[in-house]
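I have placed the structure first, in the form of structure tokens, so that the comments after it can refer back to it.
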Amino acid sequence: MVIVHPTNGTYLYVGLEFDIVSDIKACLNLVETTGFDFFLIPLAKPRQSSKNEDNGVISNILDFEPSVSSDLELSGNTWNSVVLGNLSCYKLSDGLDLPRLENYFHQQLSWAQHLSLRTSFVVVDGQLTEEQHIALANMVCNALYEFPRESICIRVCIDDQLKLSHSENDKQKDYMDSWNIWNLYRQCCHYHSNLSVALECKDIVHPSLSSSFFQRWLSEPVRYVILDTKVFLKNRQGYPVLSKAFQEWLQKFFPYSVDILIRGEALHPNGYSSYLQYLGYLYTKQPTVEESYRLEMPYFDYLQTPLQPLSDHLDSQTYEIFEKDPVKYCKYEEALIRCFKDRLSLQGRRVPLVVMVLGAGRGPLVNATIRASEQVGIIVRIYAIEKNPHAVWTLRSIHQREPSWKIVEIIAEDMRYWNAPEQADVIVSELLGSFGDNELSPECLDAAQRFLQPDGISIPSEYTSYLCPLSSPKLYQEIRSLSYHHRDGGNVSSSLEVPYVVRIHQGQYLAESQCCFRFEHRGNNSSFLSQKPYHHFRYRRLSFEVNGPIMLHGFAGFFEAQLYDTIYISTHPRTLSHGMLSWFPFMFPLCYPIYCGDKSCRITLHIWRKTIPGKRIWYEWMITEPVVTKLHNVHGRCYSMKCS
Ligand SMILES: C[S@@+](CC[C@H](N)C(=O)[O-])C[C@H]1O[C@@H](n2cnc3c(N)ncnc32)[C@H](O)[C@@H]1O
């Protein structure tokens with residue numbers, strides 16, 4: 001019986017693990033009557049420990065026999081939706097030859113596929129040598145290709161890591177820690193989308209947890225947390241509870257759709273149902289998420305191609321989404337009010353004030369301008385300039401029905417080529433992309449400077465993009481799975497050389513963001529106008545210090561825009577305009593994940609904004625530390641922003 005959060009509407013699924021299956025129908029009955037959602041069983045019958053007298057090697061370990069008498073024990077639907085399989089434990093160190101072990105591994109997975117089990121677990125023993133891990137990772141990797149319908153979950157024990165995590169300077173251990181073990185399997189399997197990880201806690205630990213420990217696991221595809229009943233303490237009545245630190249530990253995983261598995265003997269009153277009740281209590285007492293967070297949830301880790309409103313016409317639905325933003329238009333209105341007040345106080349001011357809304361869309365910034373002028377009590381004349389003919393229809397229809405729009409003149413033109421009948425005191429625009437300049441605001445607004453008074457104001461007056469290194473196995477996996485390649489004059493371009501817009505959920509920013517490209521629009525004094533031909537070429541070299549070990553998958557991009565004076569809008573995590581929905585972060589992926597193994601590791605990024613004026617603009621990027629990568633998106637062969 002799935003646990004549902006009463007206000008967030010999110011779910012928690014809890015399962016039970018059986019070490020042996022003497023009667024699978026009894027297992028199913030126990031699971032159903034106690035209210036668990038699924039259960040995990042060994043795929044193979046326990047191996048016999050008889051020894052072959054001649055060579056002392058366990059002889060019948062490889063004779064696979066299913067743990068149940070046949071598939072007829074349960075219905076096909078039950079196997080598929082309720083049962084998971086554990087691959088039998090075997091030791092690579094038993095001296096058995098690899099081909100026979102591989103065969104045994106293969107037989108179990110083949111059986112799992114026959115039963116249509118959703119997931120099979122591979123238990124990874126932390127004490128294996130690196131060589132043994134590599135041999136097992138090789139089997140897993142081969143299995144993923146041989147059984148494309150099977151999901152494989154690598155099961156690692158994290159008790160040691162929990163105990164040590166109170167110190168950022170973990171003592172060097174002579175075996176690999178759980179994250180490095182998982183990283184080896186995942187790397188070997190090249191981020192296969194059917195591979196996930198389960199974190200197992202076997203014993204009572206008192207986790208005093210560092211944030212780096214969490215962050216690292218929270219951005220991984222953790223599908224299950226497996227809790228032994230020994231992990232639970234007893235409350236006064238003897239019922240199971242988790243220590244405070246452990247509760248916090250577990251609750252961090254709840255937003256990432258992790259399922260929980262209980263294993264081990266029921267050590268508390270009321271049997272297994274008391275564990276389930278306790279987990280239900282923990283899950284439902286999580287606080288209600290904010291409305292803006294809830295609205296973003298469907299977009300978590302969903303990759304979007306950046307819009308190109310200059311070369312493409314935005315559609316009605318896109319405008320509608322923008323217009324629902326509860327923050328952006330308020331900020332613009334605030335900026336306009338402040339600007340109009342300043343203008344009013346100027347000596348010899350011109351009346352009416354000429355305001356041009358550049359890229360008016362369906363009119364929300366025109367409305368903001370009207371409201372601001374009414375509030376300040378200043379007379380304005382407004383030009384609404386829009387190049388999208390479909391949006392112009394909307395503007396014209398509002399003009400006809402709205403009396404307050406009498407002061408508005410609608411211009412169906414591209415601002416870059418419009419011959420304005422007079423000069424503007426204020427130009428207002430929102431041509432910003434998730435990386436600030438990526439919808440070609442600099443190119444459009446600089447062309448529009450010619451009809452701005454020498455002392456005129458541009459709202460926004462400047463904007464800056466920011467970048468930080470990003471670890472997100474999930475997004476890397478997603479981008480790889482898009483894996484489109486196209487040939488372009490002999491070059492192959494790929495989905496990994498294209499920037500994305502994405503609400504990053506399962507990802508970790510590895511360092512504070514740094515300023516990347518900056519653009520200013522300050523009346524006719526704009527330094528840009530002295531440059532001929534107009535271009536906005538940029539280059540930046542950015543160095544970041546990150547805490548390893550961690551994998552680098554790309555860079556997350558943000559922007560901050562000064563609308564007017566102290567009024568800003570921002571997607572930068574430090575200065576974020578809370579509740580603003582119009583922009584999700586930008587992401588520049590890397591073709592290959594980079595291992596940052598050192599405790600303190602330097603990442604150096606080089607990024608260019610290249611232009612062919614009037615034709616197209618694109619970014620190129622590469623890193624030179626800790627390793628040198630290729631130049632991504634060379635000559636804009638995979639992605640560029642078109643000027644027409
Ligand atoms: C991001 S939308 C913003 C629309 C509206 N101002 C809002 O805030 O909802 C940008 C608008 O600018 C228009 N646009 C982009 N470049 C333009 C250009 N060079 N001349 C005129 N309109 C342009 C697009 O068609 C689009 O309607």
Side-chain angles (χ1 to χ4, degrees), residues 304-336 355-372 382-396 398-399 405 408-420 424 426-452 458-460 463 501 519 521 534 536 559 561 563 569 571 577 580-584 586 613-617 641-644:
Q304 291 173 279
T305 304
L307 293 174
Q308 298 218 22
L310 183 55
S311 56
D312 303 333
H313 294 320
L314 298 183
D315 59 31
S316 182
Q317 278 189 3
T318 309
Y319 284 118
E320 200 172 298
I321 292 169
F322 287 148
E323 289 158 15
K324 285 190 181 137
D325 194 310
V327 174
K328 179 178 108 176
Y329 302 105
C330 294
K331 287 280 178 194
Y332 267 86
E333 196 174 323
E334 225 182 298
L336 282 159
V355 180
M356 294 181 180
V357 178
L358 305 178
R362 304 197 308 183
L365 290 180
V366 176
N367 285 327
T369 308
I370 294 171
R371 284 194 301 269
I382 302 172
Y383 291 88
I385 296 97
E386 175 53 58
K387 59 105 208 162
N388 177 351
H390 311 122
V392 169
W393 283 114
T394 315
L395 292 171
R396 287 187 177 144
I398 301 174
H399 186 256
W405 276 52
V408 182
E409 188 172 334
I410 291 154
I411 312 289
E413 290 265 8
D414 185 319
M415 69 184 86
R416 292 171 300 169
Y417 313 116
W418 179 47
N419 283 321
V426 181
I427 55 176
V428 191
S429 68
E430 192 284 274
L431 304 165
L432 299 168
S434 291
F435 196 50
D437 61 87
N438 65 293
E439 290 183 9
L440 305 187
S441 178
E443 282 70 16
C444 292
L445 289 187
D446 275 326
Q449 297 287 321
R450 61 190 202 290
F451 47 75
L452 184 62
S458 171
I459 297 176
Y463 35 89
V501 169
F519 299 88
H521 305 283
Y534 297 169
H536 279 295
F559 77 83
L563 296 181
I569 50 174
T571 64
S577 307
M580 193 167 71
L581 298 171
S582 295
W583 296 275
F584 291 141
F586 214 58
K615 291 214 160 57
R616 62 191 187 100
I617 285 117
M641 301 160 278
K642 289 170 230 62
C643 297
S644 56

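These numbers come from the heavy atoms of this one structure, side chains and all, not from hydrogens, waters or symmetry mates. Bear in mind the structure is a predicted one, so any value in this text is a computation, not a measurement. Order of appearance sets the numbers: ligands from 1, and atoms from 1 within every ligand.
The CD1 atom of Ile385 sits 9.0 Å away from atom CD of Glu413, with the distance rounded to the nearest 0.5 Å. The structure places CG of Asn388 at 4.0 Å from OH of Tyr319, a figure rounded to the nearest 0.5 Å. Here Leu336 contributes atom CG and Leu365 contributes atom CG; the two are 8.0 Å apart, rounded to the nearest 0.5 Å.
For atom 4 (C) of ligand 1, the nearest protein heavy atom (residue, atom name, distance) is Gly359 O, 3.6 Å. Shortest contact from atom 3 (C) of ligand 1 to any protein heavy atom: Glu430 O, 3.5 Å. With hydrogens left out, the protein atom closest to atom 23 (C) of ligand 1 is Lys387 CG, 3.4 Å, a heavy atom. Of the protein's non-hydrogen atoms, Met415 CE, 3.4 Å is the one closest to atom 18 (C) of ligand 1. Looking from atom 25 (O) of ligand 1 to the surrounding protein, the closest heavy atom is Glu386 OE2, 2.6 Å.
Taking a 4.0 Å cut-off on heavy atoms, Ala391 fails to register as neighbouring ligand 1. Ligand 1 has no atom lying under 4.0 Å from any heavy atom of His313. By the 4.0 Å heavy-atom criterion, Trp418 is excluded from the residues contacting ligand 1. Contact between Tyr332 and ligand 1 is absent, with no heavy atom of the residue lying under 4.0 Å from the ligand. Heavy-atom distances between Glu323 and ligand 1 stay at or above 4.0 Å for every pair. For the pair Lys328 and ligand 1, a heavy-atom separation below 4.0 Å is found.
Remark: side-chain polar atoms of Lys328 are not paired, donor with acceptor, to backbone N or O of Phe322 under 3.5 angstrom. Side-chain atoms of Asp325 do not come within 3.5 Å of backbone N or O of Met580 as any donor-acceptor pair.
Between atom 16 (N) of ligand 1 and the options Asp414, Leu310, Val366, Ile411, the minimum heavy-atom separation is to Leu310. The option from Phe322, Trp583, Tyr329, Tyr319 that lies nearest to atom 7 (C) of ligand 1, judged by heavy atoms, is Tyr329.
Of the heavy atoms in Ser429, none comes closer than 4.0 Å to ligand 1. With a 4.0 Å heavy-atom cut-off, ligand 1 is reached by the side chain of Leu431 but not by its N, CA, C or O.
Within ligand 1, the atoms closer than 4.0 Å to a non-hydrogen atom of Asn388 are 25 (O), numbered from 1 in the order shown. Near Glu413, meaning under 4.0 Å from any of its heavy atoms, are these atoms of ligand 1: 20 (N), 21 (C). Of all atoms in ligand 1, listed by their number and element, those nearer than 4.0 Å to a heavy atom of Ala360 are 5 (C), 6 (N).
Tested against Phe451, the residues Tyr383, Trp418, Tyr417 include a single ring pair (Phe, Tyr, Trp, His ring centres under 6.0 Å) partner, Trp418. No option in Leu395, Val408, Ile411, Val366 other than Val366 meets the side chain to side chain contact (heavy atoms under 4.5 Å, CB included) test with Val357.
Taking the charged nitrogens against the carboxylate oxygens, Arg362 and Glu323 do have a contact shorter than 4.0 Å, which makes a salt bridge.
Between the side chains of Asp446 and His536, at least one donor N or O sits under 3.5 Å from an acceptor N or O. Neither side chain, Asn367 nor Tyr332, offers a donor N or O lying under 3.5 Å from an acceptor on the other.
Here the shortest heavy-atom pairing between Arg416 and Ala447 reads CG-CB, 3.7 Å.
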